[in-house]
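Computed over heavy atoms, backbone and side chain alike; hydrogens, waters and symmetry mates excluded. We're numbering straight along the sequence, starting at 1.
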Amino acid sequence: MDLHYTSTRNSEVKVTASQAILKGLAPDGGLFVPEDIPHLDVSMEELKEMSYQETAYVVMKQFLTDFTGEELKECIRKAYDGKFDTEEIAPLVKTDDVYYLELFHGATIAFKDMALSILPHLLTVSARKNQVENEIVILTATSGDTGKAAMAGFADVKGTKIIVFYPRNGVSKVQELQMVTQKGSNVDVVAIHGNFDQAQSGVKAMFEDRKLKEELEAKGYQFSSANSINIGRLVPQIVYYVYACAKLLKYEEIQEGEQINVAVPTGNFGNILAAYYAKKMGAPIDKLICASNKNKVLFDFFESGVYDRNREFVLTSSPSMDILISSNLERLIYLITGRDAEKTKELMEELKSGGRYTVTEKMREGLSDFAAGYTDEDQTKETIRKIYKRTGYVIDTHTAVASHVCARYKNDSGDTKKCVIASTASPYKFVNSVMEALGEPMNEDELSLLPKLQEITGVKMPQAVKDILDARILHHTECDVDKMEETVRKILGTDL
């Protein structure tokens, strides 16, 4: 049965999965959502014997119903191959009484690889299915990880260009180097003089600019997105939560019918939303623990029902979560309104105009699947240090935020269910902060700490990190926030 997609802000919109992937964002500024969340059509007992690739097919075929089986299997085969440095793709590591789902074994050592390895293939198949002749311009804002993973995925992919905006001085040195050394004739990266929220708002504004869209089409271009606003990013993320549940069953860490909790370090809300979709599909997940850093706009929302971005923007040691406008939350808002597009649109307009909105008490009842907590900088460091000292396991700053929040939730609630923590980045990606947490002095030359982390902890340096140490810087473009559109025009041709 075909599954169609509608807009969170207009129930009249109805498109196929491939059309939703191509467009990225709905014409009205809303996000594409499936008309229904499908249910898994195989049991966990069957899933536990499947590889990651087989699990991906079982999950994704339910959402991408206008792809043929062969098309989808080919996309999966190309995505989840030797670019991952572990055979399991997403291994589970048991430490103390929790399970770390390691999502950082791809080409850019962060969880974004899990979806951005397949998105270019989904996009090119979608273009072919819809007879698209325009060159597709992937326009993306990043808080550090999406940018590199998207560029690596789309580099030299025929029929595409990719332009990535990131906040200057708002990402780690490793993250920045990974982006500015990226090869590819179709790749551009721009440092903006602002923060991630401003980058993301600038990108969304270009998507919503009809005049710009018409000008682009006249020149043979059309926009699409690699951000988690694209449903083609969200669907592949559902896979690893289903896979984790199945593997816990296989390893006899849980019994048939036993539920687990999932803790996710959360910024733009896409990763934890994928876990929520997995739960709705039938994965044995109970609580979704939303972990924030000092930019705790999501924690405050779950506590009060008020989403308010009118606050100080704090730069932290977990920069991929330094976000005050969590775009994917709109998909959850749409669900808790009872799929009321008008109400969702009203709330999003309040957020845009006044920077805040309040959900009703009835809507708050729909948030009962979630718990929330936040971690300050000292607690983040202390978590990294304690876990390493006790177990020898090294986690990055984002994973530490989730680990601390998970431990506090278990203590405060008395909930004894087993917990999977989404481990979203290699400790090498945030080496300065990790080394400081382990008692080593921070160093202005962050890169000099990379071999030292390996020496002290014995954790092998990933090839992706070795590759950037001697790589040449290829991208130097910077711009002010209000010059983002002008910069895109220049990149695509000054006669635009």
Side-chain angles (χ1 to χ4, degrees), residues 1-28 30-44 46-47 50-80 114-132 136 153 222 224-243 245-246 270 273-283 328 330-332 334-335 339 341:
M1 190 169 146
D2 284 345
L3 180 67
H4 286 88
Y5 290 77
T6 188
S7 167
T8 51
R9 303 185 193 182
N10 183 355
S11 57
E12 299 299 310
V13 171
K14 188 174 182 177
V15 298
T16 64
S18 62
Q19 289 167 341
I21 290 169
L22 272 175
K23 292 173 186 292
L25 195 69
D28 49 67
L31 306 188
F32 286 114
V33 286
E35 289 187 316
D36 293 295
I37 297 175
H39 205 270
L40 288 167
D41 62 355
V42 299
S43 68
M44 295 305 295
E46 293 170 278
L47 280 163
M50 292 186 185
S51 67
Y52 191 88
Q53 292 86 342
E54 290 167 336
T55 306
Y57 179 70
V58 165
V59 172
M60 294 175 66
K61 72 174 183 177
Q62 299 284 86
F63 287 93
L64 309 181
T65 56
D66 65 328
F67 283 65
T68 68
E70 281 310 304
E71 284 171 337
L72 187 51
K73 284 176 181 175
E74 181 68 2
C75 289
I76 290 167
R77 185 189 66 76
K78 288 178 178 176
Y80 304 114
M114 302 300 292
L116 285 166
S117 292
I118 195 168
L119 181 60
H121 305 296
L122 296 176
L123 194 63
T124 50
V125 171
S126 295
R128 189 167 66 242
K129 293 175 86 64
N130 290 278
Q131 294 83 49
V132 170
I136 297 166
Q222 71 182 63
S224 189
S225 174
N227 278 87
S228 52
I229 57 175
N230 192 319
I231 199 70
R233 261 281 302 277
L234 184 64
V235 169
Q237 290 180 278
I238 301 167
V239 174
Y240 46 76
Y241 292 110
V242 174
Y243 179 79
C245 291
L273 183 71
Y276 180 73
Y277 273 39
K279 174 184 170 80
K280 293 297 181 185
M281 288 191 83
N328 265 290
E330 181 171 341
R331 286 185 166 114
L332 179 63
Y334 174 74
L335 290 175
R339 298 179 180 269

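Here the side chains of Val33 and Tyr277 are in contact, with some heavy-atom distance below 4.5 Å. No side-chain heavy atom of Glu74 sits under 4.5 Å from any side-chain heavy atom of Glu70. Residues Phe63 and Ile238 have side chains in contact (heavy-atom distance under 4.5 Å, counting atoms from C-beta outward). Here the side chains of Leu22 and Lys129 are not in contact, with every heavy-atom distance at 4.5 Å or above.
Going from atom OH of Tyr334 over to atom OG of Ser11 covers 7.0 Å, rounded to the nearest 0.5 Å. For the atom pair Phe32 CZ and Thr8 OG1, the distance stands at 9.5 Å (nearest 0.5 Å). Rounded to the nearest 0.5 Å, atoms CG (Leu273) and CD (Gln237) are 9.0 Å apart. Atom NZ in Lys23 sits 8.5 Å away from atom CG in Asn130 (nearest 0.5 Å). The distance from atom CD1 of Ile21 to atom CZ of Phe67, rounded to the nearest 0.5 Å, is 4.0 Å. In this structure, the separation between CG on Asn230 and CG on Leu122 is 9.0 Å, given to the nearest 0.5 Å.
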Leu234 and Arg331: CA distance, side-chain angles, deciding distance, side-chain contact (heavy atoms from CB on, under 4.5 Å) verdict: CA-CA 11 Å; Leu234 184 64; Arg331 286 185 166 114; 4.0 Å; yes

I would like to know whether Leu47 and Leu40 meet side-chain contact (heavy atoms from CB on, under 4.5 Å); could you show each step before the answer? CA-CA 10 Å; Leu47 280 163; Leu40 288 167; 4.2 Å; yes

Would you check, one step at a time, whether the test side-chain contact (heavy atoms from CB on, under 4.5 Å) holds for Ile229 with Glu330? CA-CA 10 Å; Ile229 57 175; Glu330 181 171 341; over 6 Å; no

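Of the candidates Leu123, Val239, Ile76, Ile76 is the only one forming a side-chain contact (heavy atoms from CB on, under 4.5 Å) with Ile118.
Side chain of Thr65 to backbone of Leu3: a donor-acceptor contact under 3.5 angstrom is found. Side chain of Arg233 to main chain of Ala226: a donor-acceptor pair is present (N/O by atom type, distance under 3.5 Å, no hydrogens or angles). Checking side-chain atoms of Thr124 against main-chain N and O of His121 turns up a donor-acceptor pair under 3.5 Å. Between the side chain of Tyr80 and the backbone N or O of Met114, at least one donor-acceptor pair lies under 3.5 Å.
Across all their heavy atoms, Leu25 and Gly30 have their closest contact at CD1-O, 3.4 Å. In terms of heavy-atom proximity, Ala246 sits nearest to Met44 at N-CE, 3.4 Å. Closest non-hydrogen pair, Lys280 versus His39, comes out as O-CD2, 4.0 Å. A pairwise comparison of heavy atoms in Ser117 and Ala79 identifies O-CB, 3.4 Å as the closest pair. Of all heavy-atom pairs between Glu35 and Arg339, the closest is O-NH1, 3.1 Å. Contact detail for Met50 and Glu46: the closest heavy-atom pair is CG-O, 3.6 Å.
Using the six-membered ring where Trp is involved, Tyr243 and Tyr52 have ring planes that are perpendicular, over 60° apart on the 30 and 60° scheme.
Between the side chains of Asp2 and Thr16, no donor-acceptor pair is found at a separation under 3.5 Å.
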